[in-house]
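One-based numbering along the sequence shown. This structure is a prediction, so every number in the text was calculated from the model and none was measured. All ligand and atom numbering here is 1-based and tracks the order in the structure.
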Amino acid sequence: MPRKTMLDYVRETPQVLNGQIAQDMARPLADAFLGSSYDRVRIVACGSSKNAAMIARPYLRRSLGREVIVTEPYTFCAYEHELPASEFTFVVSQSGYSTNALAALDLIRSFGMKALGVTGDANSDFRQAADALFDYGVGNEEVGYVTKGVTSLVVFLWLFGIDVALGEGRLSTEERSREIAKIEALVPRYMSVLEQAPLVLEHRYKELSSMERTFLIGAGTNYGISCEGALKFGECLQIPAIPLELEEYLHGPNLQLAPTYTVFVNAVGASDRARAREIVEATRLVTDHVFVLTDDRGFEGATVTVDPLESSLLAPLSLLPFYQVLAYQLTEDKHLWHKHPLVARFDRRLSGKSDNYVDKEVL
Ligand SMILES: O=P(O)(O)OC[C@H]1O[C@](O)(CO)[C@@H](O)[C@@H]1O
C-alpha cells in the first residue's frame, strides 16, 4: 500500500473528530481535573502541539471559566514551573517522543507531583514518563508534518473544557449537546475550505509557487491558525513564514513590506472584521499577494470564505486545511521534501526527539 500523505490525513480528519466526540475522548482528563480544585490550567507543548493549544485556548478559557497558559516545554523547565496546587498542568506531545516534553514530565515528577501526559501514541516514551497518560484519539499519523494530529488535539482540548463545564454544573446536558453540535458544525466548513484550497492554488499558482517571505496574521483563534500555517510553510516549503497577531503587524513588521511579500489574513469571526478590512486595504497598497480567509461574505476580494458559525471562538479551526493543503501541494510540486544537505548533520548532532523515535521523514 502506498505511504499516506499529508493530504490523506487532512481528508480523514473529520472522521477522527467524529470518533473523538462519539467516544468522549477527553472525559478521563476532565475527571482528573474535577478531582481537585484548580483555578488555572497550564498546557506544556511544543511545535504543532503548542499551536493546537493556542488555537484551542480562546474557547477553552471560556468553557473552563479559568485562565489557560500555554508554555513551551523548555521554558517550563527553565523558568515557569512553580506548579502551585491550584494549577492543573499537563504536558502534550502527539508523538510522545519530544525530548523537551519528556523533560517537563520528569521535572513534574521530581517535585513529587503527578505527571499528566496527553499524547497521540500511548505506546511512546510518554508511557513510562507520565504517571497518568491520556490518549487524545488521533490514531496513527505516519507523516512527520502532522495535520490531523493538530486539528484533533484542538477538538480534544475543547471537549475537555466542555466536560469540565458539565461536571461543574455550568453546562446542562442539553447545553453540552449544543456545544458539541457547534464543533460538529465545523466539519462542513472544514470540507468547504478543503475544496476551496486547490481552486485557490490553481487560480493563483504563479504567486503561491514563488512565495519567498510571508506574514500570516490573525487574532484570537485566528492567531493560532496563523502560527500553525507558518509552521507548516516553514517546515515543508522552507520559507520564512512569520505569524503575527492582527494588530502587532502594524507595530514594526509592516515596515519591511514590499511587493514581493505574501500576506495571509485570517479573519473569521465578527469581532475582527472591521480591523481586518483596514489592514487588508493598506496591505494591498504595497503588495498584490494578499490572501484573505474570512466568514465575511461582503469582504471584497476574499480568497476563502466560510459560512459564519457561532461561536467565532471555534469557527477559525475550519481554515487549517487551507494551509495544510498549500504546504503539501507546493512542497510536492516543487520537489522540496529534502532539506539542505547540511540539515541532516544538524539533525544527527541535535534532535528534538528521543533515541526511541523512528524518523518519519528523510531530510
Ligand atoms: O507533538 P510532538 O510530537 O511533541 O511534536 C512537536 C513538534 O515536533 C516536530 O515533530 C519537530 O519539531 C514538529 O513537526 C512537531 O510539531
Side-chain angles (χ1 to χ4, degrees), residues 4-6 9-10 13 16 42-56 70-77 89-108 115-130 133-157 216 224-239 241 243 320 323-324 327-328 331 336-339 343-344 346-363:
K4 283 192 180 180
T5 67
M6 284 167 74
Y9 289 120
V10 174
T13 299
V16 177
R42 188 185 297 269
I43 305 172
V44 181
C46 62
S48 289
S49 294
K50 176 193 156 193
N51 293 338
M54 293 296 292
I55 296 168
V70 179
T71 310
E72 299 85 352
Y74 181 86
T75 296
F76 175 77
C77 291
T89 305
F90 58 91
V91 183
V92 186
S93 173
Q94 178 179 348
S95 65
Y97 291 104
S98 286
T99 50
N100 52 359
L102 291 162
L105 289 170
D106 282 350
L107 186 73
I108 296 169
L116 308 184
V118 171
T119 185
D121 182 356
N123 293 313
S124 63
D125 285 359
F126 255 41
R127 176 185 281 280
Q128 296 298 327
L133 195 59
F134 303 88
D135 185 338
Y136 71 87
V138 54
N140 204 18
E141 183 160 21
E142 281 301 327
V143 172
Y145 310 115
V146 293
T147 53
K148 71 169 180 172
V150 183
T151 316
S152 57
L153 179 54
V154 175
V155 167
F156 174 85
L157 293 170
L216 296 87
I225 300 293
S226 297
C227 293
E228 179 56 15
L231 178 62
K232 280 287 154 296
F233 284 176
E235 64 185 353
C236 296
L237 281 168
Q238 302 159 51
I239 55 171
L320 263 189
Y323 294 104
Q324 295 166 334
Y328 168 76
T331 306
L336 281 175
W337 293 113
H338 292 293
K339 313 304 185 208
V343 173
F346 181 110
D347 193 60
R348 279 196 297 276
R349 169 71 77 88
L350 185 61
S351 166
K353 297 285 194 281
S354 79
D355 291 344
N356 296 329
Y357 181 70
V358 179
D359 275 322
K360 293 176 176 159
E361 305 302 330
V362 178
L363 298 179

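Pairing each heavy atom of I55 with each of G224, the nearest pair is CG1-C, 3.4 Å. The shortest non-hydrogen separation linking T13 to Y9 is OG1-O, 2.7 Å.
Annotation for Y74: atom OH does not count as buried by contact number, only 12 or fewer foreign heavy atoms lying within 6.0 Å.
Ligand 1 lies under 4.0 Å from heavy atoms of C46, G47, S48, S49, S93, Q94, S95, S98, G144, E235, K353.
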Mind listing the side-chain donor-acceptor pairs of residues 142-151 below 3.5 Å, one per line with the distance, residues two or more places apart or on another chain?
residue : atom : partner : partner atom : Å
E142    : OE2  : N140    : ND2          : 3.2
Y145    : OH   : K339    : NZ           : 3.0
T147    : OG1  : E141    : OE2          : 3.1
K148    : NZ   : E12     : OE2          : 3.0
K148    : NZ   : V138    : O            : 3.1
K148    : NZ   : N140    : O            : 2.8

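For R349, the side-chain contact (heavy atoms from CB on, under 4.5 Å) criterion is met by no residue, not counting sequence neighbours. Every residue two or more places apart in sequence or in another chain was checked for a side-chain hydrogen bond (donor to acceptor under 3.5 Å, both in side chains) with D359, and none qualifies.
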